[in-house]
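Notes for the one structure printed next.
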Amino acid sequence: MGNPLDPQEFRRQAHMVVDFIADYYQDIEKYPVRSQVEPGYLPKLLPKSSPTCPEPIETILQDVKAHILPGLTHWQSPNYFAFFPASASIAGHGLAGANALPSKVLPFSGNGGGVLQGTTCEVILCTLVAARDRVLSRIGRENIGKLVVYGSDQTHCSFQKASRIVGIHQCNFRIIKTDKSTSFALSPDLLRTTISADVEAGLIPIYVCATVGTTSTTSVDPLGPICNVAQDYTMWVHVDAAYAGNTCICPEFRHFIDGVEGANSFSMNAHKWFFTTHDCCCLWVREPSALVKSLSTNPEYLRSKTTDSKQVVDYKDWQITLSRRFRALKLWLVLRSYGVEILRNLIRSHVEMAKLFEGFLATDKRFEIVVPRNFALVCFRISPSAINMLATIGENDYSANIFGSGGACCGGLELSTYEKCINDVNCKLLESINSSGHIYMTHAVVDGVFVLRFAVGATLTEEQHVFMAWEIVKEHADATLNMYKFGKL
Ligand SMILES: *Cc1c(COP(=O)(O)O)cnc(C)c1O
């Protein structure tokens with residue numbers, strides 16, 4: 001083997017890898033959607049030590065196929081309906097800055113700006129640091145113990161992680177409870193009462209994380225009223241629209257972010273639903289200077305005429321990392337290759353397919369939709385009445401059917417035996433569906449209720465896959481309810 005960047009060899013190997021990937025996409029439906037291997041299967045298949053001698057790419061790709069592929073869950077499968085999509089595309093395998101997005105998408109005009117980062121976790125961390133320092137520079141760093149941050153019980157866990165990293169005391173991390181009556185949206189009234197109690201107690205509210213499209217159910221927090229509350233206390237509002245923010249390119253979904261003008265920052269993951277491969281999170285900030293104050297550095301070894309002249313934006317001062325991937329390139333390629341119109345239509349078609357599935361559920365009395373659908377996620381379960389009916393007809397009683405799925409299914413709430421039973425049946429249903437390998441869905445627990453999440457968004461998914469998914473859900477519901485009826489659950 002010669003030079004590791006030999007152009008001829010690069011051409012040959014790159015062609016082979018491209019063929020490998022193309023074959024993979026062609027055959028993707030042949031693989032079980034959720035990986036069927038046991039954790040730890042791989043080390044047993046690998047040699048004990050790293051190879052000393054070179055091996056040809058042919059052998060390496062063989063091993064990838066034989067050993068790595070079986071361990072993958074196929075996020076790009078058209079039968080993938082789990083978590084949220086991680087939509088890939090041909091162009092996305094590769095935005096000249098977030099500013100390349102259509103201007104109507106930009107939530108902030110004037111001095112605002114955008115930057116591409118890796119993930120929402122990083123974005124929340126950076127904005128929280130800016131919000132923290134803005135306050136501490138005024139009141140003194142020794143007062144960090146007084147700072148309070150706010151989210152709801154539906155806010156993504158990355159907010160909690162970021163709070164820990166920036167040194168917010170655990171006792172000052174407020175989780176405001178949501179419930180079904182508001183479809184699990186954060187209540188501005190509760191937010192206000194919580195904040196004013198904290199202020200009364202001598203604490204200092206600094207940051208609220210609002211979500212458009214929560215991870216469990218795609219609930220939407222009311223941005224306008226939340227920003228109004230925050231404004232009264234000069235707090236930073238971050239809008240986490242990791243998943244649903246992608247729909248803002250469609251005018252009919254824009255209303256979900258109404259009120260965003262009052263926020264300080266807004267982010268969405270292009271790697272979720274913008275046909276861009278991991279990782280690519282777009283952050284817009286109203287006052288980039290707040291980020292720069294916290295994150296800028298100016299070492300001699302990075303100085304040049306251009307940086308000194310301030311003719312370029314030094315994005316290292318808007319985020320954690322200095323060295324970074326060329327994310328703008330892949331986003332720009334996606335926009336160039338498909339144009340906004342095709343991207344809109346893809347998103348719309350996913351929403352239509354979710355509606356289709358929702359329609360199927362509505363025709364079958366055994367199921368209920370637990371939270372109203374906003375985007376392309378349908379949250380449903382086997383309804384308590386369907387389970388009840390069997391319990392009354394059969395010689396069943398609920399307690400006999402508990403198979404102890406434990407905390408995972410009740411989200412830490414005290415549930416009655418009856419509620420646990422309903423959750424357990426649904427938990428079993430999901431496991432039965434996923435073990436089949438035909439489709440893959442995941443779950444959430446909201447207010448103690450175990451829900452199955454049917455998230456449409458894989459780039460290859462078509463209507464036929466949704467029809468098939470519905471058949472599979474029905475078939476496994478039949479089997480699960482039957483097992484329950486005969487006391488075999
Ligand atoms: C997926 C998701 C996140 C996490 O995104 P990462 O980019 O993986 O950090 C955060 N918030 C919401 C609402 C999400 O759906």
Side-chain angles (χ1 to χ4, degrees), residues 73 75 80-88 92 98 115-129 149-166 175-176 178 183-186 207-223 226 237-248 253 256-257 260 263 265-284 319-321 324-325 327 330-331 347 350 354 371 373-379 441-446 451 453-458:
T73 286
W75 285 59
Y80 177 92
F81 301 101
F83 302 104
F84 281 138
S87 55
V115 61
L116 297 176
Q117 302 203 10
T119 65
T120 301
C121 293
E122 293 161 66
V123 155
I124 293 183
L125 178 64
C126 291
T127 54
L128 189 50
V129 164
V149 300
Y150 303 79
S152 84
D153 55 7
Q154 302 301 310
T155 307
H156 193 268
C157 61
S158 51
F159 180 42
Q160 186 171 21
K161 189 188 277 191
S163 301
R164 276 190 223 148
I165 297 173
V166 307
I175 304 168
I176 293 166
T178 62
S183 294
F184 304 99
L186 171 58
Y207 187 101
V208 52
C209 183
T211 310
V212 174
T214 58
T215 312
S216 291
T217 64
T218 67
S219 302
V220 176
D221 293 340
L223 301 186
I226 289 172
V237 180
H238 178 72
V239 178
D240 172 8
Y243 161 77
N246 293 282
T247 64
C248 291
F253 290 103
F256 284 109
I257 62 162
V260 73
S265 49
F266 171 90
S267 61
M268 68 160 225
N269 282 350
H271 63 239
K272 267 196 174 134
W273 207 6
F274 214 74
F275 312 94
T276 307
T277 358
H278 275 117
D279 52 16
C280 189
C281 177
C282 313
L283 167 69
W284 287 270
Q319 59 194 304
I320 300 169
T321 57
R324 49 200 188 269
R325 285 164 286 257
R327 300 186 180 100
K330 62 185 174 188
L331 199 44
I347 285 176
H350 293 156
V371 187
R373 181 194 52 77
N374 282 327
F375 305 99
L377 172 72
V378 184
C379 292
M441 286 190 286
T442 49
H443 75 280
V445 174
V446 279
V451 296
R453 297 169 73 268
F454 187 79
V456 183

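If you read the sequence from its start, that first residue is 1, and numbering goes on from there. Order of appearance sets the numbers: ligands from 1, and atoms from 1 within every ligand. Below, all heavy atoms of this structure are taken into account, side chains as well, without hydrogens, waters or symmetry copies.
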Nitrogen or oxygen of [X] less than 3.5 angstrom from that of ligand 1:
X: T214; value: no
X: D240; value: yes
X: K272; value: yes

What are the atoms of ligand 1, with element, lying closer than 4.0 Å to any heavy atom of [X]?
X: H271; result: 7 (O)
X: F84; result: 15 (O)
X: G213; result: 13 (C)
X: T119; result: 6 (P), 7 (O), 9 (O)
X: C121; result: 9 (O)
X: N269; result: 5 (O), 6 (P), 7 (O)

Query raised in the report: Given Y207 and F159, is the ring pair (Phe, Tyr, Trp, His ring centres under 6.0 Å) satisfied, shown in steps?
Result: CA-CA 11 Å; Y207 187 101; F159 180 42; 5.7 Å; yes

Query raised in the report: What protein heavy atom sits nearest atom 6 (P) of ligand 1, and how far away is it?
Result: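 Heavy-atom neighbour on the protein nearest atom 6 (P) of ligand 1: T120 N, 3.5 Å.
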
Report summary line: atom 10 (C) of ligand 1 sits nearest the protein heavy atom H156 CG, 3.2 Å

Requested in this report: May I have the step-by-step check of ring pair (Phe, Tyr, Trp, His ring centres under 6.0 Å) for W273 and F375, ending in yes or no?
Outcome: CA-CA 11 Å; W273 207 6; F375 305 99; 7.1 Å; no

Query raised in the report: Checking N374 side chain against T218 main chain: does a donor-acceptor pair fall under 3.5 Å?
Result: yes

Do [X] and [Y] have side-chain N/O donor and acceptor atoms under 3.5 Å apart?
X: D240; Y: T211; answer: no
X: T119; Y: E122; answer: yes
X: S265; Y: H238; answer: yes
X: S216; Y: T214; answer: no

Requested in this report: May I ask whether C281 places a heavy atom under 4.0 Å from ligand 1?
Outcome: no

Requested in this report: Working to the nearest 0.5 Å, report the span between SG of C281 and CD of Q117.
Outcome: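 It comes to 7.0 Å.
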
